[in-house]
Amino acid sequence: MSETAALRAQTATPGLTHRQILTVLTGLMLGMFLGALDQTIVGSAIRVIADQLHGQTAQAWVTTAYLITSTITTPLYGKLSDIYGRKPLYLSAISLFLVGSLLCGLAGSIYELAAARAIQGLGGGGLMSLALTIIADMVPPRQRSRYQGYFMATFGTASVIGPVVGGLFADMDTFLGIDGWRWVFLINVPVALVALAVVARVLNVTTERVRHRVDYLGAAALVVLLVPLLTVAEQGREWGWLSPLALAMYGIGAVGLVLFVLAERRMGAEALLPLRMFRLPSFRMGNLLNFLVGIGMFGGLSSLPLYLQIVKGLNPTEAGLMLLPMTAGIMIATGVVGKLVARTGRLKVFPILGAACMAVALFLFSLVKVDTSLVQVGATAVLMGAGLGMLMQTLTLVVQTDATPCDLGVATASVNLFRQTGGTVGAAAFLSVLFSTVGGRIADALSAAATTPEFQAAARDPEVLANPQNRTFLAALRSGGNLDLNDTSFLYGLDPRLAHPVLEGFASSMSTVFFVGGCVVLVAFALTWFLRDVRLD
């Protein structure tokens, strides 16, 4: 039996024409393009950035710092926009993002970069959630997937441009007298200025403002909950997962959870995330799926650019181009699903198919080796993109189906809150798994290779020994010293016979990360069958 979800758009300007909606969409898509471009452009350049700042093993902070602040501010933007209006909050989000981008371009260490990324995240938290909320204000539920398809197309366009541009900048030593990698962030500045100008001009749709008390205590408790747990996820491999310091962080996180629940109960309907909304089945299940998909998406795919550049030896530009098949999968699936939902009003089948595609893709990625064909990697990326394209927009609609008009902003913001919380956990934990296992995997691979004729021949070859990088590498092995994995650029100067076992170690650890990501998404696939069979009006 299917149920009818009768959602009413919260808008003070009913009956907008398609042309009027597209005019507003122009401004929204520019803001969303800004956030999407940043995520994709950084991904293809992060290895070079981390090498340049001598912080490869700490690179997770560059991702998690952004995700922490964007996750915490996402629901605040929903509440504040209800009070002060969507336009001033959207302009504020773009402005904060611009300032953070400038600071990223000036960073002198991996930790300074992480701090600047946190400032970027303060703005990034509003770029996606406010855009989706404004569309929900203007458009009835059944047609939302049609217009959300424009957003996914924007995301897809940024996904096409971002990896290539990021790779080009990362490959440059300097550009206009500035380190090439710094332009990965500085390129946001002109885009943000254009977005500010366009949004200020076209975003003139009025919505009924709602008087709220802002749940600052809930936001503070969320910080106390998330930051210690993510710190353990990043540092646990060095501290020890059950060390006194790690246990202290677990305890602080538990206190944060209790404080968050108490703060939300105290605030009632004005809570950052009203507890009563968890009694709504579509809200509860939809956001559980968003959390799991976020873990798989951000966590599992954090290793893909590293695999392409470290293991396959592609430069950042080539690695960026190798991500285009995934973008194609996202755009094709998004376009097809948006039209089908608008035509039929049915949702449930698409999260099921999307989770299945995503899980299969991650398990296929877990089979990658040093000699895996790039054609195979590209084909798997298409499947991964198709899964994401089917999941992202439909899970947003699932969460919105139970929301009343006054809760629409909170419900929409919760989508990004749970997805980004999952992404933050996934990025920190999975990169921690990668760098906590890679040392042992490399040691095992080197031990196995040391007895092979190829490796021994390379170790005695006069031409090989004439290269200082080869001599330094062999001397470190003989002395039992550990390789410095904070800067992986040494691999490019090694003789291929010497580098092969190191690459095998990296590939093995990355396979583990993909496999864990696949297991998480497999749980999401099982849960999609419990979604209500909602029919949109």
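Quantities reported herein were computed from a predicted structural model and do not represent experimental measurements.
- Contact of the L193 side chain with the L98 side chain is registered, since non-hydrogen atoms from C-beta on lie closer than 4.5 Å.
- Side-chain contact between R117 and F185: present, with at least one pair of heavy atoms (C-beta onward) separated by less than 4.5 Å.
- Here the side chains of I310 and V502 are not in contact, with every heavy-atom distance at 4.5 Å or above.
- Looking at every heavy atom in both residues, F97 comes nearest to Y66 through CE1-OH, 3.6 Å.
- The two atoms that bring L292 and V520 nearest to each other are O-CG1, 3.6 Å, heavy atoms only.
- Aromatic ring centres of F418 and F291: separated by at least 6.0 Å.
- By the 4.5 Å heavy-atom criterion applied to side chains, L186 and I178 are counted as neighbours.
- Judged by distance alone, the side chain of Y90 and the main-chain N or O of G126 form no donor-acceptor pair under 3.5 Å.
- For the atom pair L374 CG and M322 CE, the distance stands at 4.5 Å (nearest 0.5 Å).
- Remark: L503 CG to M510 CE distance equals 9.0 Å, nearest 0.5 Å.
- Although no hydrogens or angles enter the test, the distance criterion places no donor-acceptor pair under 3.5 Å between the side chain of T73 and the main chain of L76.
- The minimum heavy-atom distance linking A361 with L383 is given by the pair N-CD2, 4.0 Å.
- Atom CZ of R419 is separated from atom CG of L395 by 6.5 Å, given to the nearest 0.5 angstrom.
- Side-chain atoms of K87 come within 3.5 Å of backbone atoms of A200 as a donor-acceptor pair (strictly under, hydrogens ignored).
- For the pair L102 and V189, the minimum side-chain heavy-atom distance is below 4.5 Å.
- A pairwise comparison of heavy atoms in Q120 and C104 identifies OE1-SG, 3.5 Å as the closest pair.
- At a threshold of 4.5 Å between non-hydrogen side-chain atoms, the residues L306 and L434 count as touching.
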Step by step, would you call L176 with W183 a side chain to side chain contact (heavy atoms under 4.5 Å, CB included)?
CA-CA 10 Å; L176 298 179; W183 286 99; 4.0 Å; yes

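- In this structure, the separation between CD1 on I94 and OG on S101 is 11.5 Å, given to the nearest 0.5 Å.
- Here CE of M326 is found 7.0 Å from CG of L388. Values are rounded to the nearest 0.5 Å.
- L288 is not listed as a side-chain neighbour of N290, based on a closest heavy-atom distance of 4.5 Å or more.
- Between S414 and N287, the closest heavy-atom pair is OG-ND2, 3.0 Å.
- Here the closest heavy-atom approach between residue S92 and residue P88 is recorded as OG-O, 2.8 Å.
- Between the side chain of T394 and the main chain of L391, a donor-acceptor pair closer than 3.5 Å is present.
- Using a 4.5 Å heavy-atom threshold, the side chains of V398 and F283 count as separate.
- Distance check: F506 CZ to Y307 OH gives 13.5 Å after rounding to the nearest 0.5 Å.
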Just do the side chain to side chain contact (heavy atoms under 4.5 Å, CB included) check on V516 and L362 with the steps written out, would you?
CA-CA 9 Å; V516 174; L362 285 167; over 6 Å; no

Let me see the working for R182 and F169 under side chain to side chain contact (heavy atoms under 4.5 Å, CB included), right down to the final yes or no.
CA-CA 8 Å; R182 296 184 186 276; F169 283 136; over 6 Å; no

Run the side chain to side chain contact (heavy atoms under 4.5 Å, CB included) check on S70 and L122 step by step: do they pass?
CA-CA 5 Å; S70 62; L122 294 175; over 6 Å; no

